[in-house]
Amino acid sequence: MLDLSLAVHPYAWTRPLRDGRVEPEGINLSAVNYPNPVRFSRMVRDLEFDACELSMGTYLATRRDADRFPFTAIPVFPFRKFRHAYMYVREGAGIDSVADLAGARVGIVNWQTTTGIWQRGTLADRHGLDLASVEWVAGGSEIVDVDVPERIDLEYVGHQGSTIGLLEDMIERGEIDGVFHPVDAGVANARRLFDDAKAVEQRYYRETGIFPIMHAIVVRDEVLDEHPWVVQPLYDAFERAKEIGLGALERPRELPLVWADVYADEQRSVLGDDPWEYGLTEDNVTAVETLAGYAHDQGVAAERYDAGDLFATDHLDTDYYA
């Protein structure tokens with residue numbers, strides 16, 4: 001048995017890997033959790049884990065110097081999130097549409113966070129926002145150095161530990177006009193940029209086929225070089241854990257949601273049976289390469305990477321990806 005450490009958040013679809021209900025064949029997995037961005041920093045700076053759930057924005061930033069960051073992703077995406085609902089604007093700031101963001105001061109976590117890349121990229125690509133017309137205010141420092149374009153007005157005002165609270169305090173005091181949040185935690189003195197964000201997100205999915213990928217699992221290159229076979233059992237274990245986690249949707253009466261049956265039916269009607277699919281499927285390739293394109297435009301990624309160049313798939317059964 002090969003001993004491997006794994007740092008991953010205990011989502012319903014990864015928890016079976018943490019509690020032992022799912023065990024990768026030939027691998028003795030020791031799962032731990034640290035919050036974002038602590039988990040990211042510990043992997044990037046210290047290679048503390050054999051495998052780790054990592055921000056896709058940070059991963060794309062590391063690819064400009066792969067020798068310095070010796071880990072490679074496998075096509076397992078444990079976290080996705082639509083991001084329209086997480087853009088807040090201050091009451092009284094006079095921002096009633098995307099166009100009104102021109103000239104505004106908008107708070108973000110940092111430039112490379114995947115949330116921000118998707119939000120900025122979507123607003124530029126689909127709503128015509130000139131990112132250079134916005135004054136961006138980063139509440140946290142970067143995990144990996146990025147090459148922010150000179151045309152972008154970006155001010156750093158804090159550090160990683162202060163990010164969310166700092167930005168919320170700034171918008172409440174009127175020091176910024178909006179905040180692009182990574183989590184759905186109501187912001188005082190602010191409202192969502194998109195009033196009916198769920199409808200906007202569903203329309204976005206129908207038009208693009210993209211359910212935004214936020215994180216991927218990376219594995220230390222030393223492990224991949226010495227034990228290349230680990231990719232398949234890790235992938236299979238994540239897949240089995242996901243099947244268990246999503247099984248709750250077949251028993252909505254057990255979920256702590258008042259209209260669980262309605263929500264489950266609505267999700268299936270819009271996103272299908274498994275919107276959390278792993279592998280380099282057609283939809284996942286579209287999502288990854290769209291994100292990579294946004295990241296390159298914004299100076300986070302050195303190239304517009306092809307999805308196939310970002311993931312270790314040589315020892316993965318080809319039935320799992322296109």
Shortest non-hydrogen contact between [X] and [Y], atoms and distance:
X	Y	value
Ala237	Pro24	CB-CG, 3.8 Å
Asn110	Ser141	ND2-O, 3.0 Å
Leu154	Ala138	CD1-CB, 4.0 Å
Thr208	Thr286	O-CG2, 4.3 Å
Phe311	Ala216	CE2-CB, 4.4 Å
Ile213	Trp118	O-NE1, 3.0 Å

Counting N and O atoms only, with roles assigned by atom type, does the side chain of [X] sit under 3.5 Å from a partner on the main chain of [Y], one being a donor and the other an acceptor?
X	Y	value
Gln112	Val146	no
Thr113	Gly116	no
Glu201	Ala85	yes
Thr313	Leu316	no
Asp100	Asp96	yes
Trp276	Phe79	no
Thr114	Gly57	yes
Asp177	Val106	no
Tyr59	Ala73	yes
Arg80	His215	no

Is there a side-chain contact between [X] and [Y] in this structure, where contact means two heavy atoms from C-beta onward sitting under 4.5 Å apart?
X	Y	value
Val231	Val219	no
Ile27	Val230	yes
Ile244	Arg240	no
Ile217	Leu234	no
Val223	Leu4	yes
Leu60	Leu291	yes
Met43	Phe71	yes
Val285	Glu282	no

Using the side chain to side chain contact (heavy atoms under 4.5 Å, CB included) criterion, which residues pair with Pro70? Sequence neighbours excluded. Leu47, Asp221
Residues in side chain to side chain contact (heavy atoms under 4.5 Å, CB included) contact with Glu175, at least two apart in sequence or another chain: Met170, Arg173
Determine whether Leu249 and Val270 fall in the same hydrophobic cluster, where Ile, Leu, Val, Met, Phe, Trp and Tyr are linked whenever their side-chain heavy atoms lie under 4.5 Å apart. no
What about Val157 and Ile176, same hydrophobic cluster or not, with Ile/Leu/Val/Met/Phe/Trp/Tyr joined at side-chain heavy-atom distances under 4.5 Å? yes
Applied to residues 22-32, the side chain to side chain donor-acceptor pair (under 3.5 Å) test, sequence neighbours excluded, yields Asp3-Asn28
Side-chain atoms of residues 302-310: list all donor-acceptor pairs with protein atoms under 3.5 Å, sequence neighbours left out, distances to 0.1 Å.
unit_1 : atom_1 : unit_2 : atom_2 : d
Arg304 : NH2    : Asp297 : OD1    : 2.3
Arg304 : NH2    : Asp297 : OD2    : 3.4

Working to the nearest 0.5 angstrom, can you tell me the gap between [X] [atom1] and [Y] [atom2]?
X	Y	atom1	atom2	result
Arg90	Asn189	CZ	CG	7.0 Å
Met87	Ile108	CE	CD1	13.0 Å
Ile117	Thr290	CD1	OG1	13.0 Å
Phe82	Thr122	CZ	OG1	10.5 Å
Arg68	Thr62	CZ	OG1	10.0 Å
Leu123	Leu193	CG	CG	7.0 Å

Are Glu168 and Val179 close enough, and set up right, to give a side chain to side chain contact (heavy atoms under 4.5 Å, CB included), and what steps lead you there? CA-CA 8 Å; Glu168 291 181 348; Val179 58; 5.8 Å; no
Tyr205 and Phe211: aromatic ring centres closer than 6.0 Å? no
Qualifying salt bridge (Lys or Arg N to Asp or Glu O under 4.0 Å) pairs with a residue from [range], counting only residues at least two apart or across chains:
range	answer
residues 222-233	Arg220-Glu222
residues 119-131	Arg126-Glu207, Asp130-Arg151
residues 55-67	none

Using the ring of each side chain (for Trp, its six-membered ring), is Tyr34 parallel, tilted or perpendicular to Phe49, with breaks at 30° and 60°? tilted
Between Phe77 and Tyr278, how do the two ring planes meet: parallel, tilted or perpendicular, split at 30° and 60°? perpendicular
Decide yes or no on salt bridge (charged side-chain N to carboxylate O under 4.0 Å, His left out) for Arg45 and Glu142, but give the supporting numbers first. CA-CA 12 Å; Arg45 295 171 180 168; Glu142 305 292 343; over 6 Å; no
Apart from Tyr263 itself, its cluster of hydrophobic side chains linked below 4.5 Å comprises Leu257, Val258, Trp259, Val262
Which hydrophobic side chains are connected to Met1, either touching it within the sub-4.5 Å cutoff or through other members that do? none
Under the salt bridge (charged side-chain N to carboxylate O under 4.0 Å, His left out) test, which residues partner Glu243, sequence neighbours left out? none
Partners passing ring pair (Phe, Tyr, Trp, His ring centres under 6.0 Å) against Tyr204 (at least two apart in sequence or in another chain): His84
Cation over ring, Arg83 on Tyr86, under 6.0 Å and within 45°? yes
Counting only heavy atoms from other residues, nucleotides and ligands, does the tally under 6.0 Å from CG of Asp19 exceed 12? yes
Any luck finding a side-chain donor-acceptor pair between Gln202 and Glu266 under 3.5 Å? yes
When the side chains of residues 6-18 are checked against the rest of the protein, which donor-acceptor pairs come out under 3.5 Å, sequence neighbours left out?
unit_1 : atom_1 : unit_2 : atom_2 : d
Tyr11  : OH     : Glu53  : OE2    : 2.5
Trp13  : NE1    : Pro78  : O      : 2.6
Thr14  : OG1    : His9   : O      : 2.5
Thr14  : OG1    : Tyr11  : N      : 3.0
Thr14  : OG1    : Tyr11  : O      : 3.4
Arg15  : NH2    : Pro10  : O      : 2.9
Arg18  : NH1    : Val8   : O      : 3.4
Arg18  : NH1    : Val32  : O      : 3.2

